[in-house]
> 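Have a look at the structure that comes next, please.
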Protein chains: 2
Amino acid sequence: MKIGELAKRTGVSIRMLRYYEEAGLLKPKRSASGYRDYVPNEVRTVERIKLLGSAGMTLATIQQFLPCVRGEEPVFEPCDELRNVLHEQIRLTDQKAAKLAQSRAILERFLCDIERR
Amino acid sequence: MKIGELAKRTGVSIRMLRYYEEAGLLKPKRSASGYRDYVPNEVRTVERIKLLGSAGMTLATIQQFLPCVRGEEPVFEPCDELRNVLHEQIRLTDQKAAKLAQSRAILERFLCDIERR
DNA sequence: CTTGACCCTTACAGCACTGTAAGGGTTTAG
DNA sequence: CTAAACCCTTACAGTGCTGTAAGGGTCAAG
């Protein structure tokens with residue numbers, strides 16, 4: 001499968017598929033002429049990358065995490081270490097959420113001040 | 001007051017004070033030799049910028065908002081329009097928070113999957 | 001006068017993507 | 001064979017700050 005088709009099937013732009021590769025998340029073989037040649041399985045891998053990305057992970061983090069999710073078996077060895085990544089990720093998310101809640105409170109206060117002029 | 005002192009008093013780096021100016025948030029006079037000369041009042045303005053910034057506003061947004069907060073009187077005319085800015089800002093914040101909550105849920109799910117291997 | 005502390009401008013770096021463009025091969029259908 | 005449709009690499013742009021460095025004036029104290 002060439003890059004264009006993978007892009008269509010996953011909804012991820014060609015640009016980003018190349019970027020994923022640059023980040024070490026995909027390693028497609030190359031045809032004689034240098035075209036990237038993806039195995040059908042990669043479709044799922046890309047879906048997983050999207051999922052992890054939507055969980056707020058950086059590509060670098062996803063790279064640590066992906067081996068764990070790759071393959072038919074959902075989980076395996078290095079996951080002991082990856083649990084930490086996950087906890088850390090959750091911590092970061094909560095932290096951002098807290099900051100956001102604080103921002104919201106400030107905005108709310110401004111709104112009150114203005115409404116009641 | 002020169003820039004170094006304003007920086008010390010507000011805890012904002014010199015770099016950022018110049019950046020605020022570039023964004024149109026501060027307009028200090030210049031001494032004969034070209035040094036920025038801030039009036040004492042600017043200390044409060046900078047504090048307000050920090051506050052609005054901590055509410056998640058972009059400098060561009062703060063610029064729209066600042067005239068409303070500037071001056072002794074906390075609020076005045078253009079605030080009818082600024083109410084919209086504020087509502088929009090809250091909407092954006094809620095939107096980010098929602099996305100974050102979603103991310104957290106995904107992470108949580110991963111964590112479960114892993115814990116229960 | 002000299003030195004150290006300050007100030008000025010311009011501009012590049014970095015984060016984490018994402019788009020787009022330039023310049024140039026490959027493949028495939030007509 | 002030719003042209004459209006694809007693919008390749010390299011690299012710059014933009015977002016929204018923030019730091020840092022280069023190259024060069026200004027000011028105050030000794």
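Just so it is clear: chains get the letters A, B, ... in the order the sequence lines come, proteins before strands, and each one is counted from 1. In this text, all values refer to a predicted model and were calculated from it rather than measured experimentally. The basis for the numbers below is simple: all heavy atoms, side chains too, and nothing from hydrogens, waters or symmetry mates.
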> Once you round to the nearest 0.5 Å, how far does CZ of A:Arg44 lie from CD1 of A:Ile49?
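It comes to 13.0 Å.
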> Round to a whole Å and report the spacing from CG of B:Leu25 to P of D:dT18.
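Answer to the nearest Å: 12 Å.
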> Please say whether more than 12 non-hydrogen atoms of neighbouring residues, nucleotides or ligands are located less than 6.0 Å from NZ in A:Lys50.
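For A:Lys50, atom NZ is crowded (more than 12 foreign heavy atoms under 6.0 Å).
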> To the nearest 0.5 angstrom, please state how far the CG atom of A:Leu92 sits from the OG atom of B:Ser103.
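Going from CG on A:Leu92 over to OG on B:Ser103, the span is 11.5 Å.
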> Rounding to an integer number of Å, can you tell me how far B:Asp37 CG sits from D:dC27 C1'?
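Distance check: B:Asp37 CG to D:dC27 C1' gives 14 Å.
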> Hey, is A:Glu22 close enough to A:Arg18 for a salt bridge, meaning N to O under 4.0 Å?
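A salt bridge is absent here (no side-chain N lies under 4.0 Å from a carboxylate O).
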> Please state how far atom NZ in A:Lys29 lies from atom C1' in D:dC7, giving the value in whole angstrom units.
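Result: 19 Å.
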> Are A:Asp37 and A:Arg30 ion-paired here, with the side-chain N under 4.0 Å from a carboxylate O?
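Salt bridge: no.
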> In whole angstrom, what separates A:Glu22's CD from D:dA11's P?
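Checked: the CD to P distance equals 12 Å.
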> How large an angle, rounded to 10°, do the end axes of the helix from C:dC1-D:dG30 to C:dG30-D:dC1 enclose when each is built from five base pairs?
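Angle reported: 30°, given to the nearest ten degrees.
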> Please output the side-chain donor-acceptor pairs of residues 1-16 of chain B that fall under 3.5 Å, not counting sequence neighbours, one pair per line with the distance.
unit_1, atom_1, unit_2, atom_2, d
B:Glu5, OE2, B:Arg9, NE, 3.2
B:Glu5, OE2, B:Arg9, NH2, 2.5
B:Thr10, OG1, B:Leu6, O, 2.8
B:Thr10, OG1, B:Val12, N, 3.2
B:Ser13, OG, B:Met16, N, 3.1

> If I take atom CZ from residue B:Arg36 and atom OG from residue B:Ser31, how far apart are they, to the nearest 0.5 angstrom?
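One gets 10.5 Å once the value is rounded to the nearest 0.5 Å.
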> Could you grab the distance from atom CD of B:Glu42 to atom CD of B:Glu21, nearest 0.5 Å is fine?
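Reported value, rounded in 0.5 Å steps: 9.5 Å.
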> In whole angstrom, give the distance that lies between atom CG of A:Leu17 and atom C1' of D:dC7.
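The distance from CG of A:Leu17 to C1' of D:dC7 comes to 13 Å, rounded to the nearest Å.
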> Could you go through nucleotides 27-30 of chain C and list every protein N or O atom that sits under 3.5 Å from one of its N or O atoms, giving the distance for each pair?
unit_1, atom_1, unit_2, atom_2, d
C:dT27, OP1, A:Ser33, OG, 3.1

> More than 12 non-hydrogen atoms from neighbouring residues, nucleotides or ligands closer than 6.0 Å to CD on B:Gln102, yes or no?
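Open: at most 12 neighbouring heavy atoms sit under 6.0 Å from CD of B:Gln102.
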> Enumerate the protein-to-nucleotides 20-22 of chain D contacts in which both atoms are nitrogen or oxygen and the separation is below 3.5 Å.
unit_1, atom_1, unit_2, atom_2, d
D:dT20, O4, B:Arg15, NE, 3.3

> What side-chain donor-acceptor pairs closer than 3.5 Å can you find for residues 60-67 of chain A, not counting sequence neighbours?
unit_1, atom_1, unit_2, atom_2, d
A:Gln63, NE2, A:Ala23, O, 3.4

> Working to the nearest 0.5 angstrom, can you tell me the gap between B:Gln89 CD and B:Leu52 CG?
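CG of B:Leu52 is found 9.5 Å from CD of B:Gln89.
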> Transitively linked via ILVMFWY side-chain contacts under 4.5 Å: B:Ile90 with A:Ile106?
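Linked, B:Ile90 and A:Ile106 end up in one cluster.
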> Given atom NZ of B:Lys50 and atom C1' of D:dT18, what is their separation to the nearest angstrom?
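It is 15 Å, rounded to the nearest whole Å.
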> Using whole Å, what does the distance between atom P of nucleotide C:dA5 and atom CD1 of B:Ile14 come to?
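From B:Ile14 CD1 to C:dA5 P: 14 Å.
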> Should the pair B:Arg91-B:Glu88 be classified as a salt bridge under the 4.0 Å nitrogen-to-oxygen rule?
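Judged by the 4.0 Å cut-off on N to carboxylate O distance, B:Arg91 and B:Glu88 do form a salt bridge.
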> So, OP1 or OP2 of C:dT9: does either fall under 4.0 Å of a side-chain N or O from B:Arg36?
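True: B:Arg36 side-chain N/O within range (under 4.0 Å) of C:dT9 OP1/OP2.
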> Is it the case that one hydrophobic cluster holds both B:Leu86 and B:Leu51, taking links as side-chain heavy atoms less than 4.5 Å apart, direct or via other members?
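Yes; B:Leu51 is reachable from B:Leu86 via cluster members.
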> Whole Å only: how far is the OH atom of A:Tyr20 from the C1' atom of C:dT18?
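Atom OH in A:Tyr20 sits about 10 Å away from atom C1' in C:dT18.
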> Sort me out a list of protein N/O and nucleotides 14-17 of chain D N/O pairs below 3.5 Å, or just none if empty.
unit_1, atom_1, unit_2, atom_2, d
D:dC17, OP2, B:Leu59, N, 2.7

